[in-house]
Amino acid sequence: MRLSLLLILTTILLFSFNIFESDKEYPQDYFRSPVSGTIRLSGTFGELRPNHLHAGIDIKAKDGKIGQALYAAADGYVSRIKMQSGGYGKVLYIDHPNGYTTVYAHMHVFDKAVEDYVKRMQKEKESFAVELFPEPNQFVFKKGDKVGKLGMSGRSFGPHLHFEIRDTRTEKPINPLLFGINVTDNIPPRIHQLKIYNLNDKRETQKTKTIDLKKNGKRYSVRRDTLTIGAWRVGLALKTYDNQNGASNWNGIYSLEMFQDDQPIYDFKMETFSFDETRYINAHLDYEEQVAKKSYFNRCYELPGNELSIYGNQSDAGVITLTKDKASKIEMVIKDVAGNRSTLTFWVKRGEVKDPPSQMFNYVLPFDEDNQIETGPLSLFLKKGTLYENLYLKYNTSIDESEGVFSTVHQIHDYKTPAHRYFDIGIEPSGLPENLRDKAFIAYCGKSKSPQNCGGKWKDGKLTAKVRDFGNYCIMIDTKPPTIQPIRFKSNMRGASKMTFKVKENFDTARNIDPFSYKVTVDGRWILVDYDGKNDLLIHRFDGSIAKGKHLLRIEVTDDRGNEKVYEREFTR
């Protein structure tokens, strides 16, 4: 009887709180789904993305269109509202009494009261981009109240809701599927490829090899039972994805465990992390595979400069020591948040170890030190923490006689090596006319052959900037103003719902540089104009603030180098 009672109590406990190997118990009935009907995911929490871990789940629009109703996941109040052309776009934050915050991003419209408040504040600040913090009693929602509509604002390329649950105090996002939000999933993760890294005693890669796998149900293996590797130490990486029922997307996995001879030596799980650490993804994944091939491998050993907090048990940072006469059994277990699992099992032993081919380089940059390079025409300063491992930097120069280039081209390693922090670069000009100094910028060419504007300020005779990529740099000039092209605009705008203009800058800009600033007035009075950064559009939606009759429209657009374009036309409402 006592045993039966214990089993009943245990069962109740398991169904009351999530048990997906998390270190913390999360309430299972507090939050409802932010959408009605079946949830289909196009993105999972912790999914590997360029330069960041995905901080929520992406819920597909049920009909593939914008406009689906969104609901408050629990009782709470609006604590923050943000409007921006990129990033999360139109985003709402709701604080809840249980210490969590839910986030609704890429929205199309807010609830009417919130929408009216935001527009009023935009007009007061004369800015489309705003960040607002209403009073706790200003916008209160009950669980299930409509908070707005699903959209694709900001950096979204398809209608969906990006939904997060955060710890209100720390703002750390937590996997929403650990809170009992139901997503049908009985499909185990899929394992695609294994990558092997021959390592030296500093965990530096000497050689790599990618291996295709054999599948037998939920079990995977290599084509030969035992892999013979010419190295004393190896690291592994796995290309693996998860799927849920009703969606074909290749989504991120929840956890990975690795065992050597049945002993745990490495694991991670996508339960929670902080936004301050999310860029360490570039140490977790194989960065070269991602930027060169758009292929995502989970690295199953730690680079020395990786400070992600997603890891659990580690033995020698996940590095596998090989012996020549005895093969080791390696088992890798991949799980999704629903508990479905797949397993890769193989054996590995050491073969003949050959000295790696010598590599040519100019500088050794330790990852755990400040690094400064001065060549005369070039200055570089990389603060400690910029690199994830020691960098054997290759440096060369060349002459580019193209029009608009006013320096030597400095070939600083290549784009396949990541940098965690922005670092300082300074370049000495060559043949730059004095009257064009304020039009000069640091230009970057990496994988793309098109130059990118990284900005620039003059200091001690050099043009300087903050950059976060390796590759080719030089000084170029921008003397051309942006272009303004009317898309939905004519002299007769009677009955029109909006007017739209396409604005294009002469050069692409780095992420830390605003491509341009703009101001739009009608009859000299500022009007609210949305900026759609994905499509380079300025959009004004007529809301009754412009009276009937003839008006003068003026659009002023100024780029990073101070080049200004003005567009003036009369129109009639």
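Basis for what follows: all heavy atoms, side chains included, without hydrogens, waters or symmetry-related copies. Count residues from 1 along the sequence.
Other residues, nucleotides and ligands place no more than 12 heavy atoms under 6.0 Å from the CZ atom of R155. Taking a 6.0 Å sphere around CD of E131, one finds it holds more than 12 heavy atoms contributed by other residues, nucleotides or ligands. The 12-atom threshold is exceeded at NZ of K239, counting heavy atoms of other residues, nucleotides or ligands nearer than 6.0 Å. With a 6.0 Å radius and a threshold of 12 heavy atoms from other residues, nucleotides or ligands, K143 has its NZ atom above the threshold. Within a 6.0 Å radius of CZ in R190, other residues, nucleotides and ligands contribute 12 heavy atoms or fewer. Annotation for K519: atom NZ does not count as buried by contact number, only 12 or fewer foreign heavy atoms lying within 6.0 Å. Annotation: K218, atom NZ; neighbour count of heavy atoms from other residues, nucleotides and ligands within 6.0 Å does not exceed 12.
Side chains of N506 and D559: a donor-acceptor N/O pair is absent below 3.5 angstrom, by distance only. Using a 3.5 Å distance cut-off with no hydrogens or angles, the side chains of N282 and N51 do pair a donor with an acceptor.
Of all heavy-atom pairs spanning D185 and I187, the tightest one is OD1-N, 3.0 Å. Closest heavy-atom contact between A72 and F141: CB-CB, 4.0 Å. Contact record, P189 with I253: CB-CG2, 4.2 Å, taken as the closest heavy-atom pair. Closest approach of T102 and A73 over heavy atoms only: CG2-CB, 4.1 Å. The nearest pair of heavy atoms linking Y93 to R166 is CE2-NH1, 3.7 Å. Nearest approach of A61 to L150, heavy atoms of both residues: CB-CD2, 3.6 Å.
Taking the side chain as every heavy atom from C-beta outward, L285 and F297 never approach each other to under 4.5 Å. Between R488 and S497 the shortest side-chain heavy-atom distance falls below 4.5 Å. Proximity of Y388 to Y280: side-chain heavy atoms (C-beta onward) are separated by under 4.5 Å at one or more points. Side chains of R219 and L344 form no contact here, defined as non-hydrogen atoms less than 4.5 Å apart. In this structure the side chain of Q244 reaches within 4.5 angstrom of the side chain of T44, judged on heavy atoms. L132 has its side chain within reach of K125: a pair of non-hydrogen atoms, C-beta onward, lies under 4.5 Å apart. N249 places none of its side-chain heavy atoms less than 4.5 Å from the side chain of N243. Contact of the D508 side chain with the N453 side chain is not registered, since no non-hydrogen atoms from C-beta on lie closer than 4.5 Å.
F31 has its ring centre less than 6.0 Å from the ring centre of H96. For H284 and F268, the distance between ring centers is under 6.0 angstrom. For Y241 and Y296, the gap between ring centers reaches or exceeds 6.0 Å. Under the 6.0 Å cut-off for aromatic ring centres, H54 and F45 do not qualify, their centroids lying 6.0 Å or more apart. Annotation: Y104 is in aromatic contact with F163 [ring centroid separation under 6.0 Å]. Taking the ring centroids of Y26 and F179, they lie under the 6.0 Å cut-off.
Among residues two or more places apart in sequence or in another chain, the salt bridge (charged side-chain N to carboxylate O under 4.0 Å, His left out) test is passed with E115 by K90.
One N or O on the side chain of K502 and one on the backbone of N535 form a donor-acceptor pair closer than 3.5 Å. A distance-only check finds a donor-acceptor pair linking the side chain of R203 to the backbone of E302 [under 3.5 Å]. Checking side-chain atoms of S342 against main-chain N and O of P188 turns up no donor-acceptor pair under 3.5 Å.
Taking the six-membered ring for Trp and thresholds of 30 and 60 degrees, H192 and W250 have ring planes inclined between 30 and 60 degrees apart.
In this structure, E47 pairs ionically with R49, as a charged nitrogen and a carboxylate oxygen lie closer than 4.0 Å. Between K172 and D167 no salt bridge is recorded (no basic side-chain N to carboxylate O distance below 4.0 Å). Ionic pairing of D543 and K123 is present here: one or more N-O contacts between side-chain nitrogen and carboxylate oxygen are shorter than 4.0 angstrom. The pair K146-D111 fails the salt-bridge criterion, with no side-chain N (NZ, NE, NH1 or NH2) lying under 4.0 Å from an Asp/Glu carboxylate O.
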Discussion item. Could you walk me through whether Y301 and Y197 satisfy the ring-ring contact (aromatic ring centres under 6.0 Å, His included) test, starting with their C-alpha distance in whole Å, then the side-chain angles of each, then the deciding distance to 0.1 Å, before giving a yes or no?
Written reply: CA-CA 10 Å; Y301 68 98; Y197 305 77; 5.6 Å; yes
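None of F128, F516, F501 except one satisfies the ring pair (Phe, Tyr, Trp, His ring centres under 6.0 Å) rule with Y531; the exception is F516. No option in F133, Y77, Y117 other than Y117 meets the ring pair (Phe, Tyr, Trp, His ring centres under 6.0 Å) test with F139.
Going from atom OG1 of T205 over to atom CD of E389 covers 6.0 Å, rounded to the nearest 0.5 Å.
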